[in-house]
2 protein chains.
Amino acid sequence: MRLEIDNSDIPVLCRACEARHGGICGALDPAELLRLGKMTSRQRYPARTILLTPGEHTEYCSNILNGVVKVSKLLPDGRQQVVELQFAPDFLGHPFAAESNVFIETASAVELCSFPRHMLKSMTAESAALQNRLHRQVLRQLDQARDWMMTLGQKTAAEKVASFLIMLAGHLHPSEADRSKSFDLTLSRMDIADFLGLTTETVSRQLTALRKAGVIHIDKARHVSIINPQGLRAAAAQ
Amino acid sequence: MRLEIDNSDIPVLCRACEARHGGICGALDPAELLRLGKMTSRQRYPARTILLTPGEHTEYCSNILNGVVKVSKLLPDGRQQVVELQFAPDFLGHPFAAESNVFIETASAVELCSFPRHMLKSMTAESAALQNRLHRQVLRQLDQARDWMMTLGQKTAAEKVASFLIMLAGHLHPSEADRSKSFDLTLSRMDIADFLGLTTETVSRQLTALRKAGVIHIDKARHVSIINPQGLRAAAAQ
DNA sequence: CGATATATTGAGAAAAGTCAAAATAAGTGG
DNA sequence: CCACTTATTTTGACTTTTCTCAATATATCG
């Protein structure tokens with residue numbers, strides 16, 4: 001049996017999918033993929049689209065195909081904490097609960113592959129590998145959340161901003177070597193501040209300090225190049 | 001068939017276990033419980049026992065039967081962030097990885113029910129219900145971690161301390177009504193500070209402020225009674 | 001009861017926040 | 001493409017919060 005015969009069983013949508021192997025779909029065999037593919041729709045959202053608000057019900061889950069998604073929590077008085085940034089090929093949504101307890105918004109232009117939650121439910125019941133993959137992603141998310149708790153609770157403003165740049169560079173350019181990374185921030189100073197537990201002014205001042213120290217270069221406020229990765233790591237206390 | 005016949009299949013150890021129904025064992029049928037029970041040992045640890053350090057390998061997982069377990073992360077320079085407090089009947093350990101990336105220590109006298117990690121691995125492969133329960137616990141832990149990120153990033157020292165007391169009261173007296181809760185702090189001021197991203201002095205000052213405001217009563221530094229639960233919630237910004 | 005660890009309190013220093021203004025970037029219609 | 005408007009970012013001066021260091025008080029343990 002030739003490979004392309006196998007491949008022909010895979011939905012066209014999935015064959016071209018950048019996220020297929022890394023995301024939860026990597027745990028599915030062609031038959032399962034076909035079943036899921038029939039219920040799936042691919043959608044584009046511009047930056048700053050609200051995808052879900054706390055208390056809102058949804059019957060859909062998604063895979064992130066590209067772009068950055070911002071997950072945050074709100075206090076009654078309006079204070080906001082960004083609790084996670086999600087990148088392709090992350091799974092987005094709650095496999096068991098219909099009601100969201102977080103605020104989910106696109107931070108850049110985003111493409112999602114969405115499918116009904118009940119599909120996920122029935123497929124996890126059949127495929128231990130799928131549930132395993134979902135389980136592992138949540139463990140990874142928990143670990144990241146804990147790392148961020150360390151940043152939020154113990155680090156100084158300068159260390160927080162440096163840590164943020166390192167984290168973002170790692171997600172946007174996972175394969176590249178350390179030196180001279182260059183990327184778009186996507187998030188506004190306000191978003192970064194809400195992620196780091198700082199104010200926009202403090203974020204701006206710390207970015208300026210890193211720039212003046214020759215560690216990074218900033219172009220038009222949103223585009224960052226890391227000139228001295230080692231210096232940045234030192235500034236992040238890592 | 002009488003109930004006690006069913007019950008006789010359950011290991012003696014498990015029959016008397018306070019955590020059986022709430023913890024992961026609640027997902028197991030008597031046969032599975034018996035299999036796991038044979039590999040299980042119940043152990044007591046005094047307060048401040050180090051259970052696992054970052055990088056250390058372990059081939060065991062546990063259920064917490066009672067007591068409080070402190071999970072923390074360390075920075076190279078010694079700064080510490082407590083990233084979670086775990087209570088009975090939580091599952092303790094990583095179902096997939098042998099190497100720990102956190103520092104785990106008992107915060108009070110603790111009783112654990114430990115079993116080999118490979119047992120968990122083989123049992124999750126067979127029982128979707130067990131994997132599901134583990135998966136749900138991690139989702140709950142992630143949600144708690146996110147709530148704590150909000151506390152760490154956005155709240156003032158006063159709000160952090162009030163939030164901590166509410167959280168602890170909820171875990172130590174889950175069934176009781178709100179009014180006049182009374183409990184032991186278990187953690188030192190240092191531990192609380194490392195959990196809240198504050199210093200011991202600030203924690204102490206904020207506790208004193210709550211005491212002087214008539215919201216709580218403190219006895220011998222470690223025993224707290226909540227006099228005005230509503231005032232405490234208001235102080236926590238929740 | 002004394003010794004040691006833990007917690008509280010006070011005074012001054014440092015970090016980050018607030019408010020206001022200026023500078024830069026982005027969006028819009030001619 | 002440019003001028004104009006609006007939003008975002010940066011910078012400065014000052015305030016507040018929390019930290020640091022030191023002293024005192026209180027608990028815990030043998």
Side-chain angles (χ1 to χ4, degrees), chain A residues 46-48 70 75 77-81 107-109 151-165 184-213 216-224 235-237, chain B residues 46-48 70 75 77-81 105 107-109 151-165 184-213 216-224 235 237:
Chain A
R48 288 164 185 273
K70 196 182 94 184
L75 238 37
D77 64 8
R79 278 177 282 179
Q80 180 170 150
Q81 176 65 46
S108 68
T151 300
L152 286 171
Q154 303 296 328
K155 293 189 184 177
T156 64
E159 292 168 339
K160 285 179 177 182
V161 171
S163 300
F164 172 75
L165 292 177
D184 273 312
L185 241 33
T186 16
L187 303 184
S188 68
R189 296 291 185 271
M190 179 63 119
D191 286 336
I192 299 172
D194 285 344
F195 194 23
L196 296 173
L198 298 172
T199 58
T200 54
E201 292 94 330
T202 301
V203 171
S204 181
R205 278 186 250 267
Q206 298 304 334
L207 284 170
T208 302
L210 285 171
R211 182 169 53 71
K212 287 189 176 165
I216 59 171
H217 178 259
I218 303 176
D219 185 49
K220 288 187 185 160
R222 299 279 184 105
H223 193 83
V224 172
Chain B
R48 291 167 181 271
K70 196 181 93 182
L75 239 36
D77 64 8
R79 278 178 281 179
Q80 180 170 152
Q81 176 65 45
E105 195 183 351
S108 68
T151 300
L152 287 170
Q154 304 297 327
K155 292 189 184 176
T156 64
E159 290 168 340
K160 285 179 177 181
V161 171
S163 300
F164 172 75
L165 293 177
D184 272 311
L185 240 35
T186 354
L187 304 183
S188 68
R189 295 293 185 271
M190 179 62 118
D191 286 335
I192 299 172
D194 285 344
F195 195 23
L196 296 173
L198 299 171
T199 57
T200 55
E201 293 94 330
T202 301
V203 170
S204 181
R205 277 185 251 269
Q206 298 304 334
L207 284 170
T208 301
L210 285 172
R211 185 169 53 71
K212 287 190 176 165
I216 60 172
H217 179 258
I218 303 176
D219 185 49
K220 288 186 186 159
R222 297 280 183 105
H223 192 82
V224 171

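Every chain is numbered from 1, with letters handed out A, B, ... down the list of sequences. Values below: all heavy atoms of this structure, side chains included; hydrogens, waters and symmetry mates excluded.
Among all heavy-atom pairs drawn from B/Leu187 and B/Lys70, the shortest one is CD2-CD, 4.5 Å. For A/Arg189 against A/Ala221, the heavy-atom pair with the smallest separation is NH2-O, 2.5 Å. Across all non-hydrogen atoms, the minimal contact from B/Thr186 to B/Ser108 is CG2-CB, 3.0 Å. When all heavy atoms are compared, the tightest approach of B/Thr156 to A/Arg79 is N-NH1, 4.3 Å. The two residues A/Lys160 and A/Leu196 make their nearest non-hydrogen contact at NZ-O, 2.9 Å. Counting all heavy atoms, side chain and backbone alike, A/Gln81 lies closest to B/Gly153 at OE1-CA, 3.4 Å.
When rounded to the nearest whole Å, the span between CD of A/Gln206 and C1' of D/dT10 equals 13 Å. For A/Leu185 and D/dT9, the CG to C1' distance is 12 Å, given to the nearest whole Å. B/Arg205 has its CZ atom 11 Å from the P atom of D/dT20, to the nearest Å. To the nearest angstrom, P of C/dA7 lies 13 Å from CG of B/Asp184. Between B/Ile218 atom CD1 and D/dT26 atom P the separation is 14 Å, expressed in whole Å. Rounded to a whole Å, the CG atom of A/Leu187 is 10 Å from the P atom of D/dT9. Taking atom NZ of A/Lys220 as the reference point, atom P of D/dT10 lies 15 Å away to the nearest angstrom.
Within residues 188-203 of chain A, the residues that have a heavy atom under 4.0 Å from DNA chain C are, in order of number, A/Gly197, A/Leu198, A/Thr199, A/Glu201, A/Thr202. Near-neighbour residues of DNA chain C inside residues 152-161 of chain A, defined by a heavy atom below 4.0 Å, number-ordered: A/Thr156, A/Ala157.
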Give every donor-acceptor pair under 3.5 Å between a side-chain atom in residues 197-206 of chain A and any protein atom, sequence neighbours left out.
unit_1	atom_1	unit_2	atom_2	d
A/Thr199	OG1	A/Thr202	N	3.3
A/Thr199	OG1	A/Thr202	OG1	3.0

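Judged by distance alone with a 3.5 Å cut-off, no donor-acceptor contact links the side chain of A/Arg222 to the base of C/dT24.
Residue A/Arg211 places no side-chain N or O under 4.0 Å from the OP1 or OP2 atom of D/dT9.
In this structure a side-chain-to-backbone donor-acceptor pair under 3.5 Å is missing from B/Glu159 to B/Thr151.
With contacts defined as side-chain heavy-atom distances shorter than 4.5 Å, the pair A/Leu165/A/Leu207 qualifies.
Considering only side-chain atoms of A/Ser204, the nucleotide from C/dG10, D/dT11, C/dA16 that sits closest is D/dT11.
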